[in-house]
2 protein chains.
Amino acid sequence: MKSLTALDQLIESLRCLPGVGPKSAQRMAYHLLQRDRNGAQHLAMSLQNALSRIHHCLKCNNFSESEVCDLCASGKRDAHQLCVVEMPTDLLMLEQTQTYHGMYFVLMGRLSPLDGVGPKEIHLDRLLKRAQDGEVQEVILATNYTVEGEATAHYVGELLKARGLKVSRIARGLPMGGEIEHVDIGTLAQAMMERRSLR
Amino acid sequence: MKSLTALDQLIESLRCLPGVGPKSAQRMAYHLLQRDRNGAQHLAMSLQNALSRIHHCLKCNNFSESEVCDLCASGKRDAHQLCVVEMPTDLLMLEQTQTYHGMYFVLMGRLSPLDGVGPKEIHLDRLLKRAQDGEVQEVILATNYTVEGEATAHYVGELLKARGLKVSRIARGLPMGGEIEHVDIGTLAQAMMERRSLR
C-alpha cells in the first residue's frame, strides 16, 4: 500500500463494496472528492460508528447495537413461535405484513456448499439451542424459495424435527426462484398465513 | 440523525455514492457488516486519508497530494502545449496513447447550464490565466465529443482565440456521442494526432 497514492487507495478500498468494479470505484472516488466531500466525511464516520457499535443479537442473531435487540427484548411478542429467515431484510418484510407476532432467528445467509457456507456459517448450533429453550412450540421456516433457500429449509427442518419440534414452512405463495426481499406484501402475507406443517 | 440507528445511518451515508439507491445501500451495508469488516475499516480510513491529503494541483487543477502535481512539476514536458480535458480519467487515457508530451488543464467537468455548471464551476478564469503564462503557444481542446463537451470546447476556444492564442481541437476520430474514457487507444491516438486548428 506504500507506493499507492491516497486516490489509488480510495479507489481500491471502494471495491470492497458488492457490485463495484474498477470503473465504478473510480467514478465514485472522483464524485466524492469533487462534488461531495461532506458525504464522504459522513460515510467515513458512519462506517467507523457502525463497525464499533453494531454486533449480533444474542437471541435472534440479527444486527443489533444492544446485546439483545429490541424485538427479542419486547414483552409483546409470542415466545411460542420462532421464524427462521435468511437475512435482516426478510425479517423487515415479514414485519410489514403484520401477520406474524412471534420471535425470529436470522441465519445471515443460506446453506451454499459451493461458496463455503455450511451449517457453521449460518449458526445452526445457535438456532438449535434457541429453538429448544422450552418456550418455542413451532419453528416457521421462512427461507427463500430458491434452490439454496429450499435446501436450507430442508436441512434445518430435519434437524429440528429430530429434536421433537413442530416445524412449518411458509406457503409456496412465492413464485419459484423468487426472493422474499422482492415479493409484494400481499403474496408474502398469504404465504405466511398458509404455512404448512412438514411431515 | 439522532433517532437513526448506526445501521440506518450507514445505509443513508452510502447513498452519497453515485448510482447507489436505497436497496443497493442496504445490500452494501449488510455485506460490509457481515462479510467484510476489514474492507469497511480500510474504506473508512481511505476516505479520511483522501479527504485530508487530496487537493487540486495549482497549475493543472487535477487531483494532487502536493501543491503542484508530478506531471506539472516534471521538467520533461513540453511547456508550449496545453491540453484541456474534462476529467482526470481523460488525462490518463491521453497519457496512455503516448502521442502527447505537453501540459494539461483539467476542468473537472464540462459546461452544463441545466445542471448549474457554468464557467466558474469549470475554473475558466484559472485556465485563461494558465494559458497566458507566456510559455503556452497552443491550447489543445480535448473535451468529449458530446453535446456538452462540444459546447465547452466552443466556448473555451472563443475565449482563448480572443486572447491571441492558437487553439486546436482533437480530431473527430471519436464516434459521435462517444466519451474519451471509453474509446479504444488507437482511435484516441489518431484523434490526438489529427487535431485541427480552429478558424
Side-chain angles (χ1 to χ4, degrees), chain A residues 1 4-20 23-56 62-66 69-70 87-89 92 106 108-109 117 121 181-182, chain B residues 1 4-20 23-56 62-66 69-70 87-89 92 106 108-109 117 121 181-182:
Chain A
M1 295 284 275
L4 286 179
T5 65
L7 182 60
D8 290 337
Q9 274 179 38
L10 175 57
I11 293 172
E12 188 59 38
S13 299
L14 282 164
R15 296 198 52 195
C16 77
L17 297 170
V20 175
K23 286 259 172 185
S24 303
Q26 193 179 52
R27 194 164 49 92
M28 286 174 169
Y30 289 165
H31 173 86
L32 291 177
L33 289 169
Q34 183 65 17
R35 308 225 180 277
D36 198 2
R37 283 185 173 243
N38 275 341
Q41 189 64 55
H42 279 142
L43 178 54
M45 290 190 307
S46 297
L47 282 165
Q48 294 282 15
N49 191 36
L51 286 172
S52 64
R53 287 171 60 184
I54 300 176
H55 304 280
H56 292 280
N62 198 357
F63 293 124
S64 172
E65 293 182 44
S66 43
C69 73
D70 291 350
M87 296 297 290
T89 26
L92 292 176
V106 184
M108 292 288 178
V117 180
E121 280 70 28
E181 191 180 339
H182 299 295
Chain B
M1 296 281 277
L4 286 178
T5 64
L7 181 60
D8 290 336
Q9 275 181 38
L10 175 57
I11 293 171
E12 189 58 38
S13 299
L14 282 164
R15 295 198 50 195
C16 75
L17 298 170
V20 174
K23 285 259 174 186
S24 302
Q26 193 180 52
R27 195 163 48 92
M28 286 174 168
Y30 289 165
H31 173 85
L32 292 177
L33 289 169
Q34 183 64 18
R35 307 222 181 279
D36 198 2
R37 284 185 170 241
N38 274 340
Q41 187 65 54
H42 280 142
L43 178 54
M45 291 189 309
S46 298
L47 283 165
Q48 294 283 16
N49 189 38
L51 286 171
S52 64
R53 287 171 61 183
I54 299 176
H55 304 281
H56 292 280
N62 198 357
F63 292 124
S64 171
E65 293 182 46
S66 42
C69 73
D70 292 349
M87 297 299 290
T89 25
L92 292 176
V106 184
M108 291 288 177
V117 180
E121 280 69 29
E181 191 180 338
H182 299 295

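First the proteins, then the strands, lettered A, B, ... as listed; each starts at 1.
Scanning all heavy atoms of the two residues, the minimum distance from Q26(B) to L92(A) falls at NE2-CD1, 4.2 Å. Contact detail for L47(A) and L10(B): the closest heavy-atom pair is CD2-CD1, 3.5 Å. Between M108(B) and R35(A), the shortest heavy-atom contact is O-NH2, 3.4 Å. Across all non-hydrogen atoms, the minimal contact from V20(B) to M28(A) is CG2-CE, 3.8 Å. Between C16(A) and A40(B), the shortest heavy-atom distance links the atoms SG-N, 4.3 Å.
Between chain A and the options H56(B), K23(B), R37(B), heavy-atom pairs under 4.5 Å are most frequent for R37(B). Ranking D36(A), I11(A), T89(A) against chain B, the residue ahead of the rest is T89(A), based on heavy-atom pairs under 4.5 Å. Annotation: maximal heavy-atom pairing with chain B below 4.5 Å, among P18(A), G19(A), A44(A), occurs at P18(A). The candidate from G109(B), S52(B), P88(B), A29(B) with the greatest count of non-hydrogen atom pairs under 4.5 Å with chain A is P88(B). For the set M87(A), Q41(A), R53(A), the count of heavy-atom pairs under 4.5 angstrom toward chain B peaks at Q41(A).
Atoms OG and CG, on S46(B) and D8(A) in that order, are 10.5 Å from each other to the nearest 0.5 Å. Interatomic distance, L33(A) CG to H55(B) NE2, rounded to the nearest 0.5 Å: 10.0 Å.
Residue S24(A): no heavy atom, backbone or side chain, is found under 4.5 Å from chain B. Looking at E65(A), only its side chain comes within 4.5 Å of chain B, counting heavy atoms on both sides. There is no contact between R15(A) and chain B, counting heavy-atom distances below 4.5 Å. Contacts between F63(A) and chain B at a heavy-atom distance below 4.5 Å involve the side chain alone, from C-beta outward. When heavy atoms are compared at a cutoff of 4.5 Å, L32(A) approaches chain B solely by way of its side chain, counted from C-beta outward.
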task = Decide yes or no on side-chain contact (heavy atoms from CB on, under 4.5 Å) for H31(B) and L17(A), but give the supporting numbers first.
result = CA-CA 8 Å; H31(B) 173 85; L17(A) 297 170; over 6 Å; no

